Number of protein chains: 2
Amino acid sequence: MHPPIGETLHRLLHAYKRALREGYATAGIELTVAQIRMIKGIAGDPNASAQDIATRTRQDKGHIARLIRDLEGLDLVTRRPHPQDSRYRQLLLTDAGRALAERIAEVEAEAGTRMAGQLPANDIERFIDIAEAMIANLEPRENPL
Amino acid sequence: MHPPIGETLHRLLHAYKRALREGYATAGIELTVAQIRMIKGIAGDPNASAQDIATRTRQDKGHIARLIRDLEGLDLVTRRPHPQDSRYRQLLLTDAGRALAERIAEVEAEAGTRMAGQLPANDIERFIDIAEAMIANLEPRENPL
DNA sequence: CCCGATTAGTTGACAAAATCAACCAATGCA
DNA sequence: TGCATTGGTTGATTTTGTCAACTAATCGGG
């Protein structure tokens, strides 16, 4: 039988986050999962603004602002004003931040491999595609095409 | 391209929980997502103990104990001692609890339908199967067979 | 039968994650 | 110029999750 999808999702993300935390801990990375998500977000899109990341990850901008502030305090991220529009603050990783991002990528790849286990790569791709489709279904479309 | 699976999972559960909260709110159900998970857990397995639910949902037993205490305070759940082993406390829904569970099921079915969107039922089942497989991969097996 | 180990449950303390609202500064536009 | 909008910051709070200590009940071996 198929368990309800909601329960499955809860348990899966829970298990995955636990695996990540363990991986980070053994790698000596002392950041929270949310902070690490931020690092990855900035690494994957340099010069993005906090607002960009907030909308992309669908998270509260206040929450994001605090995460960035903390990461800046740890000298992992720097902010510089946008040359044209000084409301924005472009986000960049410091050297330490970039080095950390690489280590994070390793840990995540490991966790991902462990999670994938014996599943064929095909299934994983399919899983992600379905998940993205479901996200799109859930999101209130302001600009339905 | 495929976004990293971790990000996808985060966003999916986030979007799903938001959809649930909205559904609960419009249905006039004033409980948190975690409390509602508990109600469902008890509804689906009457006479289960707190420990049963903790292990099944992989959640901290202290967390579970508090949720149950609150739900009992709301007259949605009752506890009675196990006839043979008085360490256990069997969990049961009250009449109000059962009535609520039905309304919850409706809201969740709706959210599930919305999330599934145009996706064929086939894909959804496949998704759940893959997710369950990944959970199994992540869980530390104490009894590897 | 007794004693130590185990198990279910409770509680305290806390950390992490998320939410909501108010607010300021810079920008864009009518 | 005046006003709505946007990016960002901060405060307050709620929800969720984690770890540890503790009680009470049960189990199992000597």
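Chain letters run A, B, ... following the sequence lines, proteins first and then strands; every chain starts at 1. Fair warning: this is a prediction, and the values are worked out from it, not measured in the lab.
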Inset, instruction - Examine D:dA12: is either OP1 or OP2 under 4.0 Å from a nitrogen or oxygen in the side chain of A:His63? Give yes or no. - result: no
Inset, instruction - Find the distance B:Leu20:CG to C:dA18:P and express it as a whole number of Å. - result: 15 Å
Legend entry - Backbone of A:Ala116 reached by a side-chain donor or acceptor of B:Asn137 within 3.5 Å: yes
Inset, instruction - Mark yes or no for whether A:Thr8, through its side chain, and B:Ile128, through its backbone, hold a donor-acceptor pair below 3.5 Å. - result: no
Legend entry - Along DNA chain C (nearest heavy atom to each residue), the more 5'-positioned of A:Arg87 and A:Leu67: A:Leu67
Legend entry - Candidate nucleotides D:dT26, C:dT7, D:dT9, ranked by approach to the side chain of A:Arg79 - the nearest: D:dT9
Inset, instruction - Check for a donor-acceptor pair, side chain of B:Asp52 on one end and backbone N or O of B:Ser49 on the other, with a separation under 3.5 Å. - result: yes
Inset, instruction - Quickly work out the A:Ile64 CD1 to C:dA16 C1' distance and round it to whole Å. - result: 14 Å
Inset, instruction - For residues A:His10 and B:Leu13, report the shortest heavy-atom separation together with the two atoms involved. - result: N-CD1, 4.0 Å
Legend entry - Side-chain N or O of A:His14 closer than 4.0 Å to phosphate OP1/OP2 of C:dA17: no
Inset, instruction - Indicate, with a heavy-atom threshold strictly under 4.0 Å, whether B:Asp60 touches base, sugar-phosphate, or nothing. - result: base
Inset, instruction - Check DNA chain C against residues 26-48 of chain A and give the residues with a non-hydrogen atom under 4.0 Å, in numerical order. - result: A:Thr32, A:Val33, A:Ala34
Inset, instruction - Spell out, as yes or no, whether a donor-acceptor pair under 3.5 Å connects the side chain of B:Glu7 to the backbone of B:Pro4. - result: no
Legend entry - Considering all heavy atoms, the nearest A:Gly41-A:Arg56 contact: O-NH2, 3.8 Å
Inset, instruction - Write down the distance between CZ (A:Arg80) and C1' (D:dG7), rounded to a whole number of angstrom. - result: 17 Å
Inset, instruction - Using the six-membered ring wherever Trp is involved, compare the ring planes of B:Phe127 and A:Phe127 and label them parallel, tilted or perpendicular (cut-offs 30° and 60°). - result: parallel
Inset, instruction - For the pair B:Arg58 (side chain) and A:Ala15 (backbone), establish whether a donor and an acceptor sit closer than 3.5 Å, ignoring hydrogens and angles. - result: no
Inset, instruction - Quickly work out the B:His82 NE2 to D:dC27 P distance and round it to whole Å. - result: 10 Å
Inset, instruction - Under 4.0 Å between any heavy atoms, over every strand shown, what does B:Gln84 touch: base, sugar-phosphate, or nothing? Just pick one. - result: sugar-phosphate
Inset, instruction - Report yes if a side-chain nitrogen or oxygen of A:Gln51 is closer than 4.0 Å to either non-bridging phosphate oxygen (OP1 or OP2) of D:dT6; otherwise report no. - result: no
Legend entry - Dot-bracket encoding per residue of DNA chain C, Watson-Crick/G-U cut-off under 3.5 Å, | denoting interstrand: ||||||||||||||||||||||||||||||
Inset, instruction - Look at all strands and tell whether B:Arg66 reaches a base, only sugar-phosphate, or nothing, counting heavy atoms closer than 4.0 Å. - result: base
Inset, instruction - Can you tell me the distance, in whole Å, between the CZ atom of A:Arg89 and the P atom of C:dC24? - result: 18 Å
Inset, instruction - Just call it for A:Arg58: base, sugar-phosphate, or nothing, with non-hydrogen atoms closer than 4.0 Å on any strand. - result: nothing
Inset, instruction - Report the residue (A:Lys61 or A:Arg21) whose heavy-atom-nearest nucleotide on DNA chain C is the more 5′ of the two. - result: A:Arg21
Inset, instruction - Please tell me which of the listed nucleotides, D:dT26, D:dG7, C:dA8, lies nearest to the side chain of B:Asp85? - result: D:dT26
Inset, instruction - Quick one: pull up NE2 in B:His14 and CG in A:Leu9 and give me the separation to the nearest 0.5 Å. - result: 13.5 Å
Legend entry - Carboxylate-amine/guanidinium contact B:Arg98 B:Asp95, below 4.0 Å: yes
Legend entry - 5′-ward residue of the pair B:Gly62/B:Lys17 relative to DNA chain D: B:Lys17
Inset, instruction - Rounded to the nearest angstrom, tell me the gap between atom CZ in A:Arg69 and atom P in C:dA16. - result: 14 Å
Inset, instruction - Specify the separation, in whole Å, of atom CD1 of A:Ile53 and atom P of D:dT6. - result: 19 Å
Legend entry - Distance, rounded to the nearest Å, where B:Asp70 contributes CG and D:dT16 contributes P: 11 Å
